[in-house]
Amino acid sequence: MATILVTGGAGYIGSHTCVELLEAGYDVVVVDNLCNSSRESLRRVEELTGKKLTFYEADLLDREAMERIFDNERVDAVIHFAGLKAVGESVCKPLEYYHNNITGTLILCDCMRRHGVKSIVFSSSATVYGDPAIIPITEECPKGEITNPYGRTKGMLEQILTDLHTADPDWKVMLLRYFNPIGAHKSGRIGENPRGIPNNLLPYITQVAVGRLVCLGVFGNDYDTPDGTCVRDYIHVVDLANGHVKALAKMAGEQGGVWIYNLGTGVGYSVLDVINAFEEANDLKINYVFKERRAGDVPACYCDPSKAERELGWKARYGIREMCEDAWRWQKTNPKGYE
Ligand code: NAD
Ligand code: WQD
C-alpha cells in the first residue's frame with residue numbers, strides 16, 4: 001500500500017485524515033512543527049486505529065530536515081495541510097503568513113520534485129471565492145476578491161501548484177476547497193483544539209457550553225439572509241477527511257492534471273441555525289448576544305458539491321445534528337483540549 005506524507009498531520013483536519021488513511025490501509029508519515037497542535041493528537045490517532053504512523057517534528061521551512069525526511073521515506077503522495085490559518089492574525093502578521101504558507105509550500109514542492117514525488121493534495125478554502133458570484137458555489141465560480149492575507153496565500157498557492165503542473169504535466173495536483181469543517185471523531189478522542197480564544201464559531205460555542213467562555217457574540221444580524229445572520233456550509237471533519245482518501249484514489253488512476261473540488265454538504269446554515277442545532281442536539285442553552293458585523297465576513301457561502309460526488313464518488317454523510325453532537329462530545333470529555 002502507498003505511503004502518504006501528511007504535512008500538518010497533528011492538526012485538526014490532519015489528525016482526522018490520518019485516522020481515515022490508516023483505516024484505509026495507507027502507511028502514514030506525518031511532518032508537523034506542532035506550532036498549532038500537540039503530539040498527543042497523533043498518539044490518540046494510533047490508539048483509535050491500533051496502527052502506527054511515523055512522526056517527524058520538523059518545520060517545512062527547514063529545507064535540510066525536509067530533505068532528510070524524503071531521503072528516509074518512500075513517499076508516494078503528499079497531503080499538504082501545514083499552514084497558519086487564523087484570518088485576523090494574518091492581517092496583523094502578513095509576512096509571517098506569506099513566509100510560512102508560501103515559502104513552506106515552495107520548499108515542500110522542491111523536495112518532492114527532487115525525490116520524484118509528483119502527487120499533492122492541497123488544503124484550499126472556500127475563501128478563494130471571496131463574496132461568491134454564484135450561490136450555491138460551483139467550481140466554475142470565478143475566484144473573488146479575497147479579504148485577508150491568509151486567504152490570499154490559498155489563492156496564490158492554488159496558482160503556484162497549477163503553474164507547477166503546467167511546467168511538468170506529470171504533476172498531479174488536487175485542490176480541495178473546504179467549506180466550514182466542524183465536529184470531531186465519534187470517539188470524542190480527537191477534535192479541534194484552538195490556542196487562546198477561538199476565532200471560529202463552533203469552538204466558541206463549545207467553550208461557552210463547557211464554561212470556559214461566558215457568552216457568544218453573534219457577528220451581525222442585519223445581513224440579507226433569512227434571519228439576518230451569516231450563512232455557511234458546515235461540514236463534518238470526518239466527511240472532509242474521507243474526501244482526502246477519495247482524492248488519493250482518483251489521483252492514483254490518473255496520469256497528471258489539476259483537479260479542483262468543493263468539499264461541503266451543499267446546505268447553508270445561519271449562525272442562529274447552528275446555535276439552535278447545538279442546543280437541541282445536546283440539550284443545553286448557549287448564551288449569546290448580537291454584536292457588530294465582523295470585518296471581511298460575507299453574507300452567504302455554501303457550495304454545490306456535486307462535482308466531487310460525480311468524479312470522486314464522495315458525498316458528505318453527516319448532518320448538522322451529528323456535527324454538533326460530536327463537537328460537544330469532544331469538548332466535554334476534553335474541556336482543556338489536549339492539555
Ligand atoms: P491546524 O492549525 O489544526 O493544522 C495545521 C497544522 O500545520 C498544525 O498542526 C501546525 O502545527 C502545522 N504547521 C503550520 N505551519 C507549519 C510549518 N511551517 N511546518 C510544519 N508544520 C506546520 O489547522 P486545520 O484546521 O487542521 O487546517 C488544515 C489546513 O486546512 C490548513 O492549511 C488550513 O488553512 C486549511 N483549511 C482549514 C479550514 C478550517 O476551517 N479549519 C478551512 C479551509 C482550509
Ligand atoms: C462562521 C460564522 C461569523 C465566531 C473561516 C475562514 C475561512 C475558512 C473557515 C480557514 C460567520 C460567525 C463566528 C463568533 C460569530 N478557514 N461567528 N461569532 O468566517 O466562515 O470561515 O473558517 O481555513 O477561510 O474565514 O468561519 O467559524 O469564523 O464563522 O458570529 O464568535 O460564524 O461571523 O458568520 P468563516 P467562522
Side-chain angles (χ1 to χ4, degrees), residues 6-17 30-39 41-42 56-62 65-66 79-88 90 96-97 99-105 107-108 122-130 146-148 150-151 153-154 157 176-182 191-195 197-205 207-208 213 215-221 223 225 229-235 237 240-241 244 263-264 269-275 288-302:
V6 183
T7 77
Y12 173 46
I13 307 170
S15 56
H16 288 81
T17 302
V30 169
V31 52
D32 198 304
N33 66 1
L34 304 181
C35 70
N36 196 38
S37 54
S38 141
R39 180 73 183 82
S41 65
L42 294 175
Y56 291 91
E57 184 173 344
D59 196 313
L60 262 54
L61 296 170
D62 182 347
M66 293 301 294
I79 303 182
H80 178 32
F81 293 109
L84 299 174
K85 65 159 184 179
V87 169
S90 79
E96 285 81 356
Y97 270 69
H99 186 49
N100 191 75
N101 293 7
I102 307 253
T103 312
T105 305
I107 290 173
L108 170 70
F122 174 62
S123 300
S124 188
S125 168
T127 197
V128 301
Y129 294 114
I146 306 175
T147 53
N148 60 81
Y150 160 72
T153 68
K154 294 295 176 194
L157 286 167
L176 301 182
R177 294 176 177 162
Y178 312 154
F179 281 68
N180 289 57
I182 61 170
E192 189 167 9
N193 186 34
R195 299 220 162 135
I197 305 219
N199 302 303
N200 298 107
L201 180 62
L202 244 289
Y204 207 108
I205 290 179
Q207 291 198 14
V208 170
L213 296 167
C215 181
L216 169 74
V218 173
F219 299 139
N221 62 348
Y223 285 98
T225 59
T229 65
C230 293
V231 172
R232 296 289 181 273
D233 187 333
Y234 297 92
I235 173 166
V237 66
L240 190 64
H244 294 74
L263 296 185
Y269 289 102
S270 73
V271 179
L272 295 180
D273 290 334
V274 174
I275 296 171
Y288 70 85
V289 289
F290 290 115
K291 292 200 170 156
E292 291 296 298
R293 290 181 178 198
R294 182 173 71 177
D297 277 344
V298 301
C301 178
Y302 55 94

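Along the sequence shown, the residues carry numbers beginning at 1. Both ligands and their constituent atoms are indexed starting at 1 by order of listing.
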Honestly, for Ala58 the part within reach of ligand 1 (heavy atoms, under 4.0 Å) is backbone
Among non-hydrogen protein atoms, atom 12 (C) of ligand 2 lies closest to Val271 CG2, 3.8 Å
**Message:** Would you say that Cys230 contacts Arg294 through its side chain, given a criterion of any heavy-atom pair below 4.5 Å between the two side chains?
**Reply:** no
* Asked: Has ligand 1 got any nitrogen or oxygen that is less than 3.5 angstrom from a nitrogen or oxygen of Ser37?
  -> yes
among protein heavy atoms, the one nearest atom 5 (C) of ligand 1 is Gly83 O, 3.8 Å
for atom 14 (C) of ligand 2, nearest protein heavy atom and its distance come out as Phe219 CE1, 3.3 Å
Min over Tyr234, Tyr178, Phe179, Tyr12 of heavy-atom distance to atom 36 (N) of ligand 1 lands on Tyr178
> Does the side chain of Ile102 come within less than 4.5 Å of Tyr97's, by heavy atoms?
Replying inline: no
shortest atom 10 (C) of ligand 2-to-protein heavy-atom contact is with Tyr150 OH, 3.1 Å
At under 4.0 Å between heavy atoms, what of Leu202 touches ligand 2? The answer is neither
Minimum side-chain heavy-atom gap Thr17-Val6 below 4.5 Å: no
For Asp59 and Asn33, the nearest pair of non-hydrogen atoms, with its separation, is OD2-ND2, 3.2 Å
Q) Okay, side chain of Asn200, backbone of Pro203: is any donor-acceptor separation there less than 3.5 Å? A) no
Val87 heavy atoms within 4.0 Å reach ligand 2 at atoms 6 (C), 25 (O)
Near Tyr150 (heavy-atom distance under 4.0 Å), the atoms of ligand 1 are 33 (C), 34 (O), 35 (C), 36 (N), 44 (C)
Hey, are the side chains of Tyr234 and Leu201 touching, using non-hydrogen atoms and a 4.5 Å cut-off? yes
min-distance protein heavy atom vs atom 7 (C) of ligand 2 -> Ser125 OG, 4.0 Å
Under 4.0 Å between heavy atoms, the region of Thr229 that gets near ligand 2 turns out to be neither
* To do: Answer with yes or no after comparing the ring centroid distance for His16 and Phe81 against a 6.0 Å cut-off, counting only values under it.
  => no
Closest non-hydrogen atoms of Val128 and Ile146, given as atom of the first, atom of the second and distance, are CA-CD1, 3.9 Å
Task: Contact check, side chains of Tyr223 and Asp297, non-hydrogen atoms, under 4.5 Å - done: yes
Q.
Would the distance check show the side chain of Asn101 and the main-chain N or O of Tyr150 forming a donor-acceptor pair, the cut-off being under 3.5 Å?
A. no
If we number the atoms of ligand 2 from 1 as shown, the ones under 4.0 Å from a heavy atom of Val218 are 30 (O)
- Message: Check whether Thr7 reaches the backbone of Ala82 with its side chain - one donor and one acceptor, N or O, closer than 3.5 Å.
- Response: yes
Short version for Tyr288: what comes under 4.0 Å of ligand 2, heavy atoms counted, is neither
Near Ser124 (heavy-atom distance under 4.0 Å), the atoms of ligand 1 are 43 (C), 44 (C)
The protein heavy atom nearest to atom 17 (C) of ligand 1 is Asn33 ND2, 3.3 Å
Note to self: Checking side-chain polar atoms at under 3.5 Å, does Asn193 have a donor or acceptor matched by the opposite partner on Ser38?
What the structure shows: no
The closest protein heavy-atom partner of atom 34 (O) of ligand 2 is Cys230 CB, 2.9 Å
The closest protein heavy-atom partner of atom 4 (O) of ligand 1 is Gly11 CA, 3.5 Å
In ligand 1, the atoms that come under 4.0 Å of a heavy atom of Ser123 are 29 (C), 30 (O), 32 (O), 35 (C)
At under 4.0 Å between heavy atoms, what of Asn200 touches ligand 2? The answer is both
With the threshold set at under 4.0 angstrom, would you say Cys35 reaches ligand 1 through any of its heavy atoms? yes
- Based purely on interatomic distance, does Asp59 place a nitrogen or oxygen under 3.5 Å from a nitrogen or oxygen of ligand 1? yes
Under 4.0 Å between heavy atoms, the region of Lys154 that gets near ligand 1 turns out to be side chain
Judged by heavy atoms only, the candidate from Glu57, Glu192, Lys85 nearest atom 24 (P) of ligand 1 is Lys85
Within a strict 4.5 Å, meaning less than it, do heavy atoms of the Cys301 and Asn180 side chains meet? no
| message | Between ligand 2 and Asp297, is the shortest N or O to N or O distance under 3.5 Å? | response | yes
Self-check item: ligand 1 to Leu60 polar contact by distance, N or O atoms, under 3.5 Å
Solution: yes
*asked:* Below the 3.5 angstrom mark, is there an N/O of Phe81, backbone or side chain, next to an N/O of ligand 1?
replied: yes
Got Val271 and Phe219 here, is their nearest side-chain heavy-atom distance under 4.5 Å?
no
Counting heavy atoms under 4.0 Å, the part of Asn100 that contacts ligand 1 is side chain
dist Asn100:CG -> Ser90:OG (nearest 0.5 Å) comes out at 12.0 Å
closest protein heavy atom to atom 21 (O) of ligand 2 is Asn180 ND2, 3.7 Å
Flag, side chain of Tyr56 to backbone of Met66, donor-acceptor distance under 3.5 Å: no
With heavy atoms and a 4.0 Å threshold, my read on which part of Tyr178 contacts ligand 2 is neither
Within 4.0 Å of some non-hydrogen atom of Asn199, the atoms of ligand 2 are 4 (C), 28 (O)
Fill in: Under 3.5 Å donor-acceptor, Lys291 side chain and Leu216 backbone
no
The atoms of ligand 1 lying under 4.0 Å from a heavy atom of Leu34, numbered in the order shown, are 11 (O)
Can you find an N or O of Ile13 that's nearer than 3.5 Å to an N or O of ligand 1? yes
### Message
Would the distance check show the side chain of Arg293 and the main-chain N or O of Asn221 forming a donor-acceptor pair, the cut-off being under 3.5 Å?
### Response
no
What one should report as the nearest heavy-atom pair of Ser125 and Lys154 is CB-CG, 4.3 Å
Contact region, Leu201 to ligand 2, non-hydrogen atoms below 4.0 Å, reads both
Ligand 2 atoms nearer than 4.0 angstrom to some heavy atom of Tyr234 are 1 (C), 2 (C)
Heavy-atom nearest pair, Ala86 first then Asn199, reads CB-ND2, 3.7 Å
Filtering Val128, Asp32, Asn36 for the heavy atom nearest atom 9 (O) of ligand 1 leaves Asp32
Note: Asn101, heavy atoms under 4.0 Å from ligand 1, region reported as neither
Residues Gly191 and Tyr12: closest non-hydrogen pair is C-CD1, 3.7 Å
Checking heavy-atom distances from atom 29 (O) of ligand 2 to each of Arg232, Arg293, Arg294, the winner is Arg294
Among non-hydrogen protein atoms, atom 39 (C) of ligand 1 lies closest to Pro181 CG, 3.4 Å
Does any N or O atom in Gly217 lie less than 3.5 angstrom from one in ligand 2, N or O only?
yes
For Ser41 and Ala10, the nearest pair of non-hydrogen atoms, with its separation, is OG-O, 2.8 Å
